[in-house]
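Accompanying notes for the structure given below.
Note that the structure is predicted; figures quoted are calculated from it, not measured.
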Amino acid sequence: MRRHDKLFIGGEWVAPAGTGTIEVISPHTEEVVGSVPEGTTEDMDRAVAAARQAFDHGPWPRMTFAERAEVIGRLAAIYNERQGEMAQLITEEMGSPISFSNLAQAPQPLGMLQYYAELGTTFEQEEQRPGLFGPITVRREPVGVVAAVVPWNVPQFVTMTKVAPALLAGCAIVLKPAPETPLDAYLLAEWAAEAGIPAGVLNIVVAGREVGEHLVSHPGVDKVAFTGSTAAGRRIAAVCGEQLKRVSLELGGKSAAIILDDADLPASMGFLTMASLMNNGQACVAQTRILASRNRYDEVVDAVAGMVNGQAVGDPADPATGIGPLVAKRQQDRVEGYIKIGMDEGAKVVVGGLDRPYDRGWYVSPTVFAGVSNDMRIAREEIFGPVLAVIPYEDEADAVRIANDSDYGLAGTVWTTDTEHGMDVARQVRTGTYGVNCFMLETNAPFGGYKASGVGRELGPEGLNSYLEYKTIARLG
C-alpha cells in the first residue's frame, strides 16, 4: 500500500488545500493499492505560482543548456539505477504486463532523459547569421511555465516527452498526472529532488478534469502540453486559442498495418504482436486495423487469430503474461461496448468476444474481427483495447487509400519482404510515425500526428523546439 498525503509544490512536500483523496485501484485485483491527495484549484494556483517564481526569478532559465543538461543527467542516473522499481509500480497501478513495463514503460522515459541530457551538451542558445545590413543573432529562450497534462496508459513515457525537453529548454513545469496513475509521478518527484532540480521547476498535483481545465486556462501558464483523447484535445486547443497560448497536442489514433502479398506472415506476426497489442491494446499508436489483400485474406485472418490466441492473458505481474487487464471498469465497459458494436455491424468474431476470461479484474477477451469494412465504427473509432479488425483491400493503391481513409494519422506499418518497396508505401501514408516490418519510437526523431491525431511534435530536437521561443536581434555597427 502506497499512501501519500502531500503534494509536491515549490520543491517541498506540502499539505493539500482540500481533504479529498484519490484511491488507486489495481486493475488485476480490484483492490486499493495506494492513495494520493486530490488537488484543488487552490493547489493548482499554488503550483503555478511556484513555477512562475522559479521561471521569473530563479536560476533555472538563466543557466546554460549545458548546465541544465548536467542536472538532467543526474536525474537520468537515478532513474537508471531504479528503473525496475518504476516498471513494477506502473504495472501495479495500471495493469501493464511487467514484460512491457520492463521493455518500454520505464526504459523509454530513461532514454529521453539521457537523450536530452546529451543534446544539451552541444545545443547553442544563440546562432549568428549574416543579415542584409549587419549581423543577426538568433536567440533561443524558454517558453515559460508549462502545464503538462498526461494520461494513464504510458504515464512515465508521456510525462517525459514533455518534462525532459521542457527542463532542458529552461522552463518551469506543473505536471498533472491522470487520477488513475499518480503513483509513478510521486516516485519521479522524489528523484527530481534528489537530482537537484531547483525548487519550483517541477511541481506535481494530481487532480480530476475540472481542476485540470483550471490549470490549462490559468493566466500564469505560457504553454500547454497535452496527451489524451481527441475530444479533450479539441477543448484544450479552444481554450489556448482564446488566450493565444502555446499548445502541443498528442491525441488519438486508428493506425493501419498494411500486409502486402509478399509478406512473410510468421515473421510479420512476431513483430505485429507488439505493434498491435502493446500495453493490452491501450496505446494510441497501436496497429488495430490490419489490411490484407483479398488474395491472402483468409490466410492473414488465420495468422492474426493465431497471434492473438498465442498471448497469455492474466496477472500483469507474471512475466509470461502478454495481455493484462484494462485500467478501469469504465474502460472494460467501453471496449466490450465496441465488441458488441462490431457484432451488430455484421463483422465476424474470429477470436474472443464478450465472454470475459476472469470474473475478477477488468479483463476483456482479446478479440479479432474479420469481414470488416473501413466504414464500420470498429474500423473508424479508437477502441483503446485488444480489439483488431482485419480489413480486405483490392490492390496496393486500395490499401493506401484505406490506410489514409481515417480521421487520424498517428502511426502505421507496412509488412513486406521488399524493404525498399515498403519505403515507397510508407511515403504515401499520411501519418506521423511509420514502420517498415517494425514499429518503434526513436528518442532522436519527431513523434506526433497528422489530422485529428494532434498538433506539433515531441521527441528529437523538434520536441525541444516546441518549448523554445525564437528571438531575432539585429544590430548595426
Test your reading of the model: is there a side-chain donor-acceptor pair from [X] to the backbone of [Y], 3.5 Å cut-off?
{"X": "Glu462", "Y": "Ala445", "answer": "no"}
{"X": "Ser365", "Y": "Thr367", "answer": "no"}
{"X": "Arg68", "Y": "Trp60", "answer": "yes"}
{"X": "Asn153", "Y": "Gln282", "answer": "yes"}
{"X": "Asn203", "Y": "Gly200", "answer": "yes"}
{"X": "Asp344", "Y": "Ile341", "answer": "no"}
{"X": "Thr431", "Y": "Ala411", "answer": "yes"}
{"X": "Asn437", "Y": "Thr417", "answer": "no"}
{"X": "Asn280", "Y": "Pro325", "answer": "yes"}
{"X": "Arg289", "Y": "Ile402", "answer": "yes"}

Please tell me if the side chains of [X] and [Y] come closer than 4.5 Å, counting only heavy atoms from C-beta onward.
{"X": "Phe369", "Y": "Val390", "value": "no"}
{"X": "Phe226", "Y": "Leu251", "value": "yes"}
{"X": "Leu388", "Y": "Leu277", "value": "yes"}
{"X": "Gln311", "Y": "Pro366", "value": "no"}
{"X": "Ile98", "Y": "Thr321", "value": "no"}
{"X": "Thr227", "Y": "Lys162", "value": "yes"}
{"X": "Ser406", "Y": "Asn404", "value": "no"}
{"X": "Val14", "Y": "Arg46", "value": "yes"}

For [X], I'd like to know if atom [atom1] has over 12 heavy atoms of other residues, nucleotides or ligands within 6.0 Å.
{"X": "Gln83", "atom1": "CD", "result": "yes"}
{"X": "Arg82", "atom1": "CZ", "result": "yes"}
{"X": "Tyr297", "atom1": "OH", "result": "yes"}

Indicate whether the side chain of [X] and that of [Y] have a donor and an acceptor atom separated by less than 3.5 Å.
{"X": "Ser96", "Y": "Thr91", "value": "no"}
{"X": "Asn465", "Y": "Arg457", "value": "no"}
{"X": "Tyr358", "Y": "His28", "value": "no"}
{"X": "Glu381", "Y": "Tyr338", "value": "yes"}
{"X": "Thr21", "Y": "Glu38", "value": "no"}
{"X": "Asn279", "Y": "Gln105", "value": "yes"}
{"X": "Ser453", "Y": "Lys254", "value": "no"}
{"X": "Tyr79", "Y": "Glu85", "value": "no"}

Is there a side-chain contact (heavy atoms from CB on, under 4.5 Å) between Glu299 and Leu265 once you walk through the steps?
-> CA-CA 9 Å; Glu299 186 181 356; Leu265 282 186; 3.5 Å; yes
Do Lys223 and Tyr467 meet the cation-pi criteria used here (NZ or CZ under 6.0 Å from the six-membered ring centre, within 45° of the axis)?
->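 The answer is yes, since Lys223 meets both limits relative to Tyr467.
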Worked check of side-chain contact (heavy atoms from CB on, under 4.5 Å) between Val224 and Val221 | CA-CA 7 Å; Val224 175; Val221 169; 4.2 Å; yes
Roughly how far apart are [X] [atom1] and [Y] [atom2], rounded to 0.5 Å?
{"X": "Lys176", "Y": "Met44", "atom1": "NZ", "atom2": "CE", "answer": "6.5 Å"}
{"X": "Thr443", "Y": "Glu118", "atom1": "OG1", "atom2": "CD", "answer": "11.0 Å"}
{"X": "Leu75", "Y": "Asn80", "atom1": "CG", "atom2": "CG", "answer": "11.0 Å"}
{"X": "Phe157", "Y": "Thr159", "atom1": "CZ", "atom2": "OG1", "answer": "10.5 Å"}
{"X": "Thr40", "Y": "Glu210", "atom1": "OG1", "atom2": "CD", "answer": "12.0 Å"}

Arg2 vs Leu187, side-chain contact (heavy atoms from CB on, under 4.5 Å): CA-CA, chis, key distance, verdict | CA-CA 11 Å; Arg2 303 170 187 264; Leu187 192 56; 5.9 Å; no
Quick one: do Thr413 and Gln287 satisfy side-chain hydrogen bond (donor to acceptor under 3.5 Å, both in side chains)? Show the steps, please.
-> CA-CA 8 Å; Thr413 53; Gln287 318 289 294; 3.1 Å; yes
Aromatic plane relationship, Phe8 with Trp13 - under 30° parallel, 30 to 60° tilted, over 60° perpendicular =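 Judged by the thresholds at 30° and 60°, the geometry between Trp13 and Phe8 is tilted.
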Given side-chain contact (heavy atoms from CB on, under 4.5 Å), test Val150 with Leu175 step by step and report yes or no.
-> CA-CA 8 Å; Val150 303; Leu175 172 66; 4.0 Å; yes
Within the 6.0 Å centroid threshold, strictly below: Trp152 and Phe384 |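 Here the rings of Phe384 and Trp152 have centres that are less than 6.0 Å from each other.
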Would you call Arg360 and Glu30 a salt bridge, using N to O less than 4.0 angstrom?
->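 A salt bridge is absent here (no side-chain N lies under 4.0 Å from a carboxylate O).
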Between Glu213 and Arg235, is there a side-chain N and carboxylate O pair less than 4.0 Å apart?
->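 Salt bridge flag = yes for Arg235 with Glu213.
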What residue pairs, at least two apart or across chains, pass salt bridge (charged side-chain N to carboxylate O under 4.0 Å, His left out) with a residue in residues 320-330?
->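 Residue pairs passing salt bridge (charged side-chain N to carboxylate O under 4.0 Å, His left out), neighbours aside: Glu180-Arg330, Lys329-Asp333.
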